[in-house]
There are 2 protein chains.
Amino acid sequence: MEVPVPSKPLPYERIANELRVGIIDGRLAAGAQLTGENELMQRYSVARETARKALRVLRDEGLTLTRRGVGVFVRDARRVSRHASRNPAIAAVDETSAGMVGVEEVADNVTAPEHIARALGLREGELVCRRVQRQYAGVSTTRRSALYIPMGLAVEASITELDFGPGGAEARLREAGHAPARANEVIRVRMPFRPEAEDMRIEGAVPIVTILRTDYDRNGLAVQASETVLDGSRYALEYDFPLPEA
Amino acid sequence: MEVPVPSKPLPYERIANELRVGIIDGRLAAGAQLTGENELMQRYSVARETARKALRVLRDEGLTLTRRGVGVFVRDARRVSRHASRNPAIAAVDETSAGMVGVEEVADNVTAPEHIARALGLREGELVCRRVQRQYAGVSTTRRSALYIPMGLAVEASITELDFGPGGAEARLREAGHAPARANEVIRVRMPFRPEAEDMRIEGAVPIVTILRTDYDRNGLAVQASETVLDGSRYALEYDFPLPEA
DNA sequence: CAGTGGTCTAGACCACTAG
DNA sequence: TAGTGGTCTAGACCACTGT
């Protein structure tokens, strides 16, 4: 191990460390307010930017959440489970956040984006029926998703713009004999870009999870593909799957 | 929409935006060096900290990687696929990174941590056989994992410390009639803590993925549980699973 | 209004890397 | 040694929030 011993922590590191243990060991519970910049400056005899830097470390670790003009607070680390095999995958909408919860939804027909075309086995430029959803929980968006169905199938299953009918696209596909029998999901994780974070009203340093899902009917035909973006701090993703024999 | 128009971007935002589009549209390819602090100061007539702040935005978005004394560079966004149903789940070790690749491994017997005991259906304080792995790719650790097997099963399957035999624990369990038949995985995403990031030699703002996996034999007995920590920027996780009839 | 965090400056010193 | 990024200071002004 050529790891150099941490020797003497820098001022901002020392402050960050002390605050962090307070959070992790529970002395500072979720929602609790941290010592502010001004008091940190006095208590540790450091300059403004140094106190700020310490607080920035914690925010970058996703431990805190900053409210301008108010203060710095410990984040709520609770998560909602998303079980991929279930329908709907997200059973309960985030109960942790007070305030209104809802889903915004629009539908239209577009030419399939490249990666969606690939997932659905379509040729470039083919039409798909698209439904875009946006889920709110409290003040922030917790989920954004786009569902794509090949145009031919959509027509066959009587799926039209603006109205997927009772039970959603699932039910229509089922009625048309294309009930989804198995699915594939590809998960990617990354940090949101700044404009994106604002759009999703993501606060602090929170990773984003993107899920590209493809559903197949019992004949192996790709019947729908969806792309979902989740606030990574609010979900736990769960999968159940069989293992191959050999 | 009550979203206020961005009006006039702040100096640091403007700099960050210009650099970002350069990266996203490909003018600045992976590995390319960005304009440094000093030149940004002159080119935009801003102070040190302002130029630094612009660069920090990109680093926080996981787009760049900073090498002290050298410069700021565009990250390589390529990922390795981890297919949960396959064995091993990670087919190819990161081909993108030159340099040595390897796995460090130690095994011992310990009392099961609480969440592992829960996953394996053990009572608190029961013994498990543990194997800890650490995978390197180039300079950085790309994976850390701990595998737990109930002591009783480990004995039955002739799994001992320091030597899991050819084919690993899988093969031993199989021979003992406890071949894993299905698995459950729970995925969580978060930002690494500072000490943790140093330990994993994670550079820049990169989310971490933790996977808690439990394998069951055909009788539904939990035969092994594992906890894996991945550098979220380097992997794409893939799942294939059947969907329920109803 | 007082208190909070957000941005910015000008200048200093340090640590690391390469040629 | 020259050039890079990392830390820190002291002070300024702004924007937002609550009372």
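The sequence lines fix the lettering, A, B, ..., with proteins before strands; numbering per chain opens at 1.
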- Query: Should the pair E196(A)-R144(A) be classified as a salt bridge under the 4.0 Å nitrogen-to-oxygen rule?
  - Reply: no

- Item | Salt bridge present between E114(B) and R118(B) (N-O < 4.0 angstrom) |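 Salt bridge present between E114(B) and R118(B).
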
- Query: In whole angstroms, how far is the C1' atom of dT4(C) from the CG atom of L65(A)?
  - Reply: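 After rounding, the reported distance stands at 15 Å.
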
- Check the distance between dT17(C)'s P and Q33(B)'s CD and give it to me in whole angstrom. 15 Å

- Message: Can you tell me if N38(A) touches the phosphate of dG3(C), counting only side-chain N or O atoms and a distance under 4.0 Å to OP1 or OP2?
- Response: no

- Donor-acceptor pair, side chain of R20(B) and main chain of E61(B), under 3.5 angstrom: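 No: the side chain of R20(B) does not pair with the backbone of E61(B).
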
- Would a distance-only check, ignoring hydrogens and angles, find a side-chain to backbone donor-acceptor pair under 3.5 Å from R194(B) to A16(A)? no

- Heavy-atom contact window of chain B on DNA chain D, given 5' to 3' at under 4.0 Å: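 The contacted stretch runs from dG3(D) to dC8(D).
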
- Task: Would you mind classifying the nucleic acid contact of R56(A) as base, sugar-phosphate or nothing, using non-hydrogen atoms under 4.0 angstrom?
- Result: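 Counting heavy atoms under 4.0 Å across all strands, no contact is made by R56(A).
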
- Worked verdict on E18(B) versus R14(B) for salt bridge (Lys or Arg N to Asp or Glu O under 4.0 Å): CA-CA 6 Å; E18(B) 295 193 9; R14(B) 186 174 148 237; 3.5 Å; yes

- Stems with DNA chain C, 3 or more Watson-Crick or G-U pairs in a row (under 3.5 Å), are C:1-18 with D:1-18

- Message: Let me spell it out: for each of T50(A) and L55(B), pick the nucleotide of DNA chain D with the closest heavy atom. Which residue's pick is nearer the 5' end?
- Response: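 So the residue in question is L55(B).
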
- Given Y12(B), which of T50(B), N17(B), L55(B) fulfils the side chain to side chain contact (heavy atoms under 4.5 Å, CB included) condition?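 Only one of T50(B), N17(B), L55(B) forms a side chain to side chain contact (heavy atoms under 4.5 Å, CB included) with Y12(B), namely T50(B).
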
- Query: Between I187(A) and Y239(A), is any pair of side-chain heavy atoms under 4.5 Å apart?
  - Reply: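 With C-beta onward as the side chain, the pair touches.
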
- Task: With E37(A) as reference, evaluate R52(A), K53(A), R56(A) under the salt bridge (Lys or Arg N to Asp or Glu O under 4.0 Å) test and give the passing residue.
- Result: R52(A)

- Message: Go nucleotide by nucleotide along DNA chain C from the 5' end; which of G69(A) and E49(A) gets its closest nucleotide reached first?
- Response: G69(A)

